[in-house]
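Proteins get letters first, then strands, A, B, ... in listed order; numbering begins at 1 in each.
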Protein chains: 2
Amino acid sequence: MPQRLIRKLEHFTRLSDADKDALNGLGRKVRLCEAGTDIIREGDTPENVNLFLDGWAYRYKQLEDGRRQIVAFFVPGDLCDLHVFVFREMDHAIAAITPVRLAVIPREHLLNLMDRHPRVTRALWWETLVNAAIQREWTFNLGRRTALERLAHLFCEVFLRLRAVGLTEGNTCPFPVTQVELADATGLTSVHVNRTLREMRASGLIVFKGRQFTVPDFLALRKVALFNPNYLHLDHEGAYLNANA
Amino acid sequence: MPQRLIRKLEHFTRLSDADKDALNGLGRKVRLCEAGTDIIREGDTPENVNLFLDGWAYRYKQLEDGRRQIVAFFVPGDLCDLHVFVFREMDHAIAAITPVRLAVIPREHLLNLMDRHPRVTRALWWETLVNAAIQREWTFNLGRRTALERLAHLFCEVFLRLRAVGLTEGNTCPFPVTQVELADATGLTSVHVNRTLREMRASGLIVFKGRQFTVPDFLALRKVALFNPNYLHLDHEGAYLNANA
DNA sequence: CGCCCATTTGAGTTTAATCAAAAAACGTGG
DNA sequence: CCACGTTTTTTGATTAAACTCAAATGGGCG
């Protein structure tokens, strides 16, 4: 089941068949969450590691006065922190955008796997570090980019992340996110997001249809976003090594 | 030497004498960096894990057009990512604010330590997770807080982090950061930072003297910042357990 | 003393927020 | 397949927060 995760990890390192079997074993215990519900709440005690098999979700924090910030999106193949269970309680919540299918991984199971598959362990660490890098990039995005650049940057990132797990088709990728959520992710208001998207559509940077978008000219989008994909670390040696040999 | 780190980790879990000895062994190879210089640059290949023994630094990213964002501050006791060496190249840079004394930890040395001291390993994971939580909080800060709230929030965070490593004195703590750097950390301009600080001084929220600040009334500062310290996870069981018993 | 860096202030501008309401799209049950 | 309620998107008018540009002041240090 965790094909998306395996596919993503192979951007970093080639995995042996045994490695992949081990990763496949993670998908045993599955949990379903309805769209619009919280998968985990602030204050909850984290017991397991979650792997997103299907569907979209976001990590968010909220103030008492209602101000909300989405701090990350989860797409299939994503893992929440490898060691969440070290914390006594969650300092944020995760909500499902679409119906979500999760692999719920007991801590022992994961530790066991990491004991026996050093290459997988390294690959999972890479996943963790990439997530941290993405978080830093979001910090930059909110601090120093204009509304137009922020949105363009987010679309670039989402497109590449989805491509890494095989969820794009040509220049098109799924994007089941409302403008209100987009506003909460970019630190803008939904009104301003709407106006900026209109502008992007008008200049042909991006095309929205249904719950997906198309990027006619990635180079152009990348240019207005001032997007540098290096922080996704997708160009590692994975493609050139054979772990079975 | 890594007293600050040990002190911080003990907020999370009690460490045995053997654990502490092992951690002390990390401080063997020391590197000095001058104020104002880069400790590591974007594009460099990370070879070691860095532990900050003394001095302040910041992690930053910069655009070709000069826009810069500080995405984290490092204070004594902080570690950069435990597994940086998994990456082929750095996607950001780290610069010294003051003269910095670093412990340079070879990857083998660290892995070795983690093999033999599971309690330390867990504590180091906790450190890593707290850093990720701080990064998320910065994302929120930039996305949804006003200039005044952002600055107040940063002061709350810095104060608590420094207190956790024993670097505060009463309500006072060191803060060798210029207003330009403060602007780059909060996503503001230095002009606006200056005006907001004036306001904070006028209302008695904070007092600056030399390269330090004093918080006359933490509760008041915390209130204007809408600061919730839960993301620092400093209230774990560390204080109640004895690892030697 | 003089230089450099950091801070401070003023005046005018811009980006994005706010408030309010209409239009469009979506899903669902009849 | 249509009607209807709900959610999402869109638009307009006004306001406010933060930025820009420019210059003066202040502090620390050799």
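W138(B) and E157(B) share a side-chain donor-acceptor pair at under 3.5 Å. A donor-acceptor pair shorter than 3.5 Å can be found between the side chains of E137(A) and H153(A). For the 3.5 Å distance criterion, the side chains of Q69(A) and T139(B) fail to qualify, holding no donor opposite an acceptor.
For E181(A) and dT9(D), the CD to C1' distance is 13 Å, given to the nearest whole Å. Rounded to whole Å, atom P of dA6(C) lies 13 Å from atom CG of L182(B). If you measure from atom NE2 of H192(B) to atom C1' of dC21(D), you get 16 Å, rounded to the nearest angstrom. For the pair L148(B) CG and dA16(D) P, the computed distance is 17 Å after rounding to whole Å. Rounded to whole Å, atom P of dT8(D) lies 14 Å from atom CZ of F175(A). We find that CG of D184(A) is positioned 11 Å from P of dA17(C), with the value rounded to whole Å. Counting to the nearest Å, the P atom of dA17(D) and the CG atom of L142(B) are 18 Å from each other. In this structure, CZ of R150(A) is placed 13 Å from P of dT15(C), rounded to the nearest angstrom.
The listed nucleotides are dC19(D), dT9(C), dA16(C); the one nearest the side chain of T146(A) is dA16(C). Across dA16(C), dC21(D), dC19(C), the shortest atom-to-atom separation from the side chain of V191(B) is found for dC21(D).
Relative orientation of the F227(B) and F218(B) rings is perpendicular, given thresholds of 30° and 60° on the angle between their planes.
Residue contacts shown for T189(A) include a base, since a base heavy atom lies under 4.0 Å away. In this structure, R201(A) reaches the sugar-phosphate backbone alone: every heavy-atom distance under 4.0 Å involves primed, P, OP1 or OP2 atoms, never a base. Backbone-only contact: L188(A) has heavy atoms under 4.0 Å from sugar-phosphate atoms and none from a base. Residue contacts for G187(B): at a heavy-atom cut-off of 4.0 Å it reaches the sugar-phosphate backbone alone, with no base atom in range.
The side chain of N194(B) contributes an N or O atom lying less than 4.0 Å from OP1 or OP2 of dT8(C). Between R195(B) and dG10(C) there is no side-chain N or O to OP1 or OP2 distance below 4.0 Å.
A salt bridge links R136(A) with D91(B): the distance from a Lys NZ or Arg NE/NH1/NH2 to an Asp or Glu carboxylate oxygen falls below 4.0 Å.
Sequence order on DNA chain C of the closest nucleotides to S190(A) and R211(A) puts S190(A) first from the 5' end.
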